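First comes the structure, then the notes that go with it.
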Amino acid sequence: MTSAFDRLARPIQKWVRDQGWRELRDIQSRAAQIILGSEADIILAASTAGGKTEAAFLPLLSQLVDDADPRPGFDILYIAPLKALITDQARRLDDICGSAGIAVTPWHGDISSGVKARAIKNPKGVVLITPESLEALFIRRGLDIPRLFAATRAVVIDELHTVLDSERGIQMRSLLTRLELAVKRPIRRIGLSATLGDMVLARHYLRPDLADGVELVEARGGDAELRLQLRGYVQGTQDEGARAVTDAIADHLFGNLRGSDNLVFAGSRQAVEIYADRLRLRCEAAHLPQEFYPHHASLSREHRDFVERRLKDANLPTTAVCTSTLELGIDIGDVTSVAQIGAPFSVASCRQRLGRSGRREGRPAILRQYAVEAKVTAKSNFSDRLRLGLLRSIAAIELLLEGWCEPPQSDALHLSTLVHQILSIIAERGGVRADHLHKILCRDGPFRQVDTSVFVEVLRAIGSPDTRLIEQAGDGLLLLGPDGERLVEHYSFYAVFQTPEEYRLVAAGRELGTLPIDNLIAPGMLLIFSGRRWQVVEVHDHDRVIIVKPAAAGVPPIFGGDPGHIHDCVIERMLSVLESDHRPIYLDDAAWDLLAEARCNYADLQFGTTRIAWLSDNAAILATHAGTLKTITLALALRATGFTVQTHDGFLEVFGREASPPLNEVLANLAAGEEVDLFAHAPSLLFEKFHPYLTEPLLKLDALSARLQPEALPELCRQLICVADVRSA
DNA sequence: GACCTGCTGCGGCGTG
């Protein structure tokens with residue numbers, strides 16, 4: 001067979017040689033053979049900096065050079081979830097395309113309207129766009145879509161793994177369906193991804209109707225040496241004790257990270273502020289130049305750019321104390337080590353973070369995991385005694401080492417995003433019939449879990465006199481109603497995800513960043529923000545602005561957040577770690593003491609032989625051996641039957657009240673399939689952007705599909721009472 | 001019990 005390199009177009013070959021590459025990487029050769037030898041859809045899976053972009057684009061651009069399409073229109077559509085990524089990739093592609101005379105157009109909110117207007121007039125080459133800007137194109141220029149994409153041969157979707165089951169991922173898949181409808185032919189899809197946990201599901205996501213036809217090219221081996229340490233810390237119940245742990249961790253970070261580039265994932269924006277402050281003080285005390293900086297989404301763009309530039313600069317040692325802002329693929333170069341404070345929420349993000357270090361040949365990947373546990377007293381709760389945070393850290397590391405990570409959740413209805421896409425299609429076309437809408441979105445598009453009756457209910461809800469998002473014309477055509485019109489006209493419509501309201505924080509005329517409005521802020525209060533200390537001078541509620549001045553002391557603000565979902569496999573692993581007597585080699589002595597203590601307490605509760613630990617006649621701790629979704633579902637079922645329930649990772653603490661029936665009986669009934677009203681205590685059902693326009697029955701369906709697992713309840717309860725029976729018999 | 005992401009069209013003003 002002709003080598004992959006030989007099959008590339010001349011100018012592309014020249015570019016490869018100019019890079020000084022001796023040969024194409026394995027993933028690049030294999031991708032080139034498939035792209036140039038077939039029409040197949042492809043997933044290219046490799047770690048950051050694994051050469052995925054070139055693997056897709058070298059052959060695609062070769063096709064443009066050797067076999068140009070005379071029709072007008074963009075030849076290649078590239079979609080990425082971050083503006084920064086588009087800017088980076090446009091620069092790299094410009095370099096390759098320059099000599100081949102192929103146009104490269106970055107397209108997102110920060111690109112000037114002049115560039116966009118020119119591209120619309122004369123569309124060609126590669127366009128790099130965000131899902132939101134593509135959405136805007138459909139809504140504002142619906143009639144131009146067939147012309148703009150008449151010549152498009154391929155859609156390249158970057159960071160596919162981050163959008164698989166998210167609202168934005170569903171939106172993007174809907175847009176791809178609509179694009180193919182507009183040009184009346186399929187367009188090859190190429191997904192670029194980090195290594196995925198479940199490749200079958202990923203293929204299905206890329207091309208639902210022909211998942212088996214999706215070719216998979218994964219980067220082979222090449223895994224760097226991994227150096228791991230899990231350090232245990234115990235914090236007291238007093239404020240003073242809590243500070244002592246923070247200082248101990250800050251001391252360790254300061255001693256080990258100074259002088260090199262590192263990322264410290266602190267877990268929350270508040271923790272980022274605390275640790276950045278502690279580390280700054282240590283530099284000042286030692287009369288050393290500052291090299292520790294905070295980085296999270298509430299900080300001003302200016303400050304974040306500054307930190308990112310420092311990370312890229314090889315001459316300035318820089319450690320960013322950050323949230324998941326620095327987890328995604330923007331180019332900050334290689335870092336020496338990664339630290340993680342507190343247990344990670346998912347194995348997938350843990351892997352993504354670790355992938356930031358050890359990327360260069362011969363350098364190890366280094367992960368320091370800090371586990372902070374509460375000091376146990378006579379009054380301590382069992383969850384503190386079982387050291388659930390430490391266990392989750394261990395479980396995540398073990399699963400990471402085994403190559404596992406969370407698969408996407410595929411059965412959610414995504415009704416909020418469905419409302420968004422209904423409005424968008426009506427706006428794109430001016431009007432559309434209900435049956436046609438159903439065909440585009442539910443039969444051909446990504447909303448296949450939505451059956452006809454639910455779809456009709458959604459249309460009724462958003463067409464009701466209360467909501468007035470849509471209305472029906474005499475000929476049956478669905479049109480935008482007055483409120484729908486107003487919604488779609490505003491630029492805030494294009495994003496499918498929700499964003500909270502915020503104050504802007506300003507010091508000496510410069511914006512430091514933003515704070516959620518639920519912080520109670522008054523003049524005179526002290527704040528830690530952007531790695532420095534401030535005093536509030538003025539609060540302008542109307543303009544949502546807070547003016548601050550430097551201060552000598554401060555407290556970190558509250559940033560809110562939502563509870564995360566822990567996967568079933570992570571919980572199972574936590575329990576098997578508890579039931580084993582093995583000492584993982586990466587634990588330090590303090591962490592090992594904590595684990596040994598947790599194992600003793602687990603045995604004391606008899607959990608080795610039963611899943612129910614009775615606290616009294618009608619109060620117990622249940623070991624659900626299940627992740628957040630199932631555990632929460634059981635908690636709601638028990639609350640509905642009159643119990644007070646507290647939830648923990650994989651455990652429930654259940655207390656009977658005077659009127660509640662015996663817990664044993666309730667569990668037996670649930671095991672037998674008895675139905676209970678999981679929404680008996682009217683929990684809030686508004687989570688997503690377009691939820692406020694839906695009816696309560698629809699909101700419950702949406703919650704049941706994505707946030708609960710009622711179908712798992714009987715089996716979960718059978719397990720609970722079965723294992724309990726074995727013990728009593 | 002947490003984090004992140006995105007945005008058009010148009011009017012008004014200054015400058016060359």
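In this text the structure is predicted, and so the values were computed from the model without any measurement. Each chain gets a letter, A, B and so on, in the order the sequences are listed, and its residues count up from 1.
- Ring-centre distance between A:His420 and A:Phe493: below the 6.0 Å cut-off.
- Per the geometry, CD belonging to A:Glu327 stands 11 Å off C1' belonging to B:dA2, to the nearest Å.
- Residue A:Arg269 places at least one side-chain N or O under 4.0 Å from the OP1 or OP2 atom of B:dC4.
- For A:Arg707 and A:Phe687, the positive end sits near the middle of the six-membered ring, less than 6.0 Å away and at most 45° from its axis.
- When rounded to the nearest whole Å, the span between OH of A:Tyr491 and C1' of B:dT8 equals 9 Å.
- Out of B:dA2, B:dG6, B:dC7, the shortest distance to the side chain of A:Phe345 is found at B:dA2.
- One finds no side-chain N or O of A:Thr499 lying less than 4.0 angstrom from the OP1 or OP2 phosphate oxygen of B:dT5.
- Between A:Arg353 and the phosphate of B:dC3, there is no side-chain N or O to OP1/OP2 separation shorter than 4.0 Å.
- When the side-chain nitrogen and oxygen atoms of A:Thr323 are compared with OP1 and OP2 of B:dC4, one or more of them lie within a distance under 4.0 Å.
- Atom CZ of A:Arg140 is separated from atom P of B:dG9 by 5 Å (rounded to the nearest Å).
- Rounded to whole Å, the distance from CG on A:Asp110 to C1' on B:dT5 is 13 Å.
- In this structure, A:Phe529 and A:His296 have perpendicular ring planes: the angle between them is above 60°, well past the 30° mark.
- The shortest distance between the side-chain N/O atoms of A:Ser133 and the OP1/OP2 oxygens of B:dC7 is below 4.0 Å.
- For an aromatic pair to be called close, the ring centres must be under 6.0 Å apart, and A:Phe643 with A:Phe655 fails this.
- Distances shown here put every side-chain N or O of A:Lys83 at or beyond 4.0 Å from the OP1 or OP2 atom of B:dT5.
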